[in-house]
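Worksheet: the structure to be examined is printed underneath.
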Amino acid sequence: MIEINLIPDVKQELIRAERVRAGVISTAILVGLVSIGLVVVLGVLIGGQAIAGKLADDAIQKQNAELQSKPDLGKTLTIQNQLTKLTEMHADKKIDSRLFGMMVAVNPSAPNDAAFSNIKLDPATSLITIEGQASGGYAAAEVLKKTILSTKVHYLDRVGQDGVEDNSPREVPLTSAVDIRETSYGEDASGQKVLRFVISFTYPAELFKSGLRNVEVRAPNRQENVTDSRNRIPQSLFTDAAADVKEEK
């Protein structure tokens, strides 16, 4: 069979160009429709978010107005915040009254006993500073220092490391260093010559910690249960500061 092509080459190129143009236009129309659809979807989402945000703002403003209308709102919120911290504050509180029992325990027996005119407790630095006087002179002050260095704090933990009650006894030193300064002679209220001094030392946290049981301060040849703090504190433990006198040469 013999075929004769009667369409010129130019006409064939034109037909192919028209087909390509038609494909491009169809593709452009399809892409445009897809783009329009995406714009519509984004518009709906953005509009929905704006509406939801407006509703949330209105609800917040309404609730805020209701809160502001309540009388003494600031006082109420402050009290509620303090109530939530009661348990934490109770767990962290210190039983400072144990200081008196500790003073009884560390005071040596006569003739080296001392009387105290001022006691300062500084929780920020864990420092105890004692102003006192002793009729036994420098020897008595030295005995007091050694007694404090030899004293231990015995206790039982309420809760052990495994979260259960632990009855095993523990102990820590009352201090590792004692400083005696400002020593001078004076006269007490009865006219007796006494040595005045200032003594200070750092104490362990266990001494005043509230979460411990059976806390005892144990000095050489003396033991004092300080859990109930100030019971039966002898009046002779405290005295007025001695007056100045000239030290004999």
Side-chain angles (χ1 to χ4, degrees), residues 78-79 81-109 112-134 140-141 143-161 165-182 196-242:
T78 300
I79 292 173
N81 181 62
Q82 292 175 344
L83 289 175
T84 60
K85 297 183 178 297
L86 280 179
T87 302
E88 179 182 353
M89 293 172 63
H90 179 71
D92 292 338
K93 72 178 182 180
K94 308 300 181 184
I95 307 179
D96 297 339
S97 55
R98 290 176 181 169
L99 177 64
F100 296 101
M102 183 215 71
M103 295 301 300
V104 174
V106 301
N107 194 15
S109 302
N112 295 313
D113 57 323
F116 308 109
S117 57
N118 191 17
I119 304 173
K120 296 180 182 179
L121 174 65
D122 186 357
T125 58
S126 298
L127 185 69
I128 294 175
T129 303
I130 306 166
E131 296 180 17
Q133 58 196 47
V143 171
L144 175 61
K145 175 180 178 180
K146 292 181 178 179
T147 301
I148 295 174
L149 287 171
S150 302
T151 298
K152 308 290 184 181
V153 178
H154 290 247
Y155 63 93
L156 299 178
D157 269 330
R158 289 190 182 277
V159 179
Q161 296 181 352
E165 188 168 318
D166 186 0
N167 291 320
S168 58
R170 294 178 171 81
E171 72 172 23
V172 294
L174 179 60
T175 189
S176 59
V178 176
D179 177 40
I180 295 182
R181 62 187 185 278
E182 300 180 23
R196 299 178 300 184
F197 58 84
V198 175
I199 190 169
S200 60
F201 58 90
T202 57
Y203 61 86
E206 290 82 357
L207 179 60
F208 301 118
K209 188 175 181 181
S210 62
L212 305 178
R213 295 183 296 117
N214 299 342
V215 180
E216 296 178 350
V217 177
R218 297 182 181 179
N221 302 321
R222 180 172 292 184
Q223 175 178 325
E224 182 70 19
N225 189 321
V226 297
T227 303
D228 295 329
S229 69
R230 201 170 178 175
N231 292 340
R232 298 185 301 277
I233 300 300
Q235 295 296 323
S236 60
L237 186 66
F238 302 99
T239 187
D240 296 331

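Counting begins at 1 with the first residue of the sequence.
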Flag side-chain contact, heavy atom, 4.5 Å: [X] against [Y]:
X	Y	result
L212	R170	no
D179	I199	no
Y203	V153	no
P220	T151	yes

>> Show, in sequence, the C-alpha distance, side-chain angles and deciding distance for T125 and T202, and conclude whether the side chain to side chain contact (heavy atoms under 4.5 Å, CB included) test is met.
In response: CA-CA 8 Å; T125 58; T202 57; over 6 Å; no

> Does the side chain of S117 come under 3.5 Å of the side chain of R196 through a donor N or O and an acceptor N or O?
Replying inline: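 No donor-acceptor contact under 3.5 Å links the two side chains.
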
Closest heavy-atom pair and its distance - [X], [Y]:
X	Y	result
A105	A219	O-CB, 3.2 Å
N107	L144	CA-CD1, 4.5 Å
F197	A141	CD2-CB, 4.5 Å
I95	K209	CD1-O, 4.4 Å

> In this structure, which one of I180, D122, L127 forms a side chain to side chain contact (heavy atoms under 4.5 Å, CB included) with S200?
Replying inline: L127

>> Quick one, F201 with L174, criterion side chain to side chain contact (heavy atoms under 4.5 Å, CB included). Give me CA distance, side-chain angles, the key distance, then yes/no.
In response: CA-CA 9 Å; F201 58 90; L174 179 60; 4.1 Å; yes

> For D96, which residues count as a side-chain hydrogen bond (donor to acceptor under 3.5 Å, both in side chains) partner, sequence neighbours excluded?
Replying inline: none

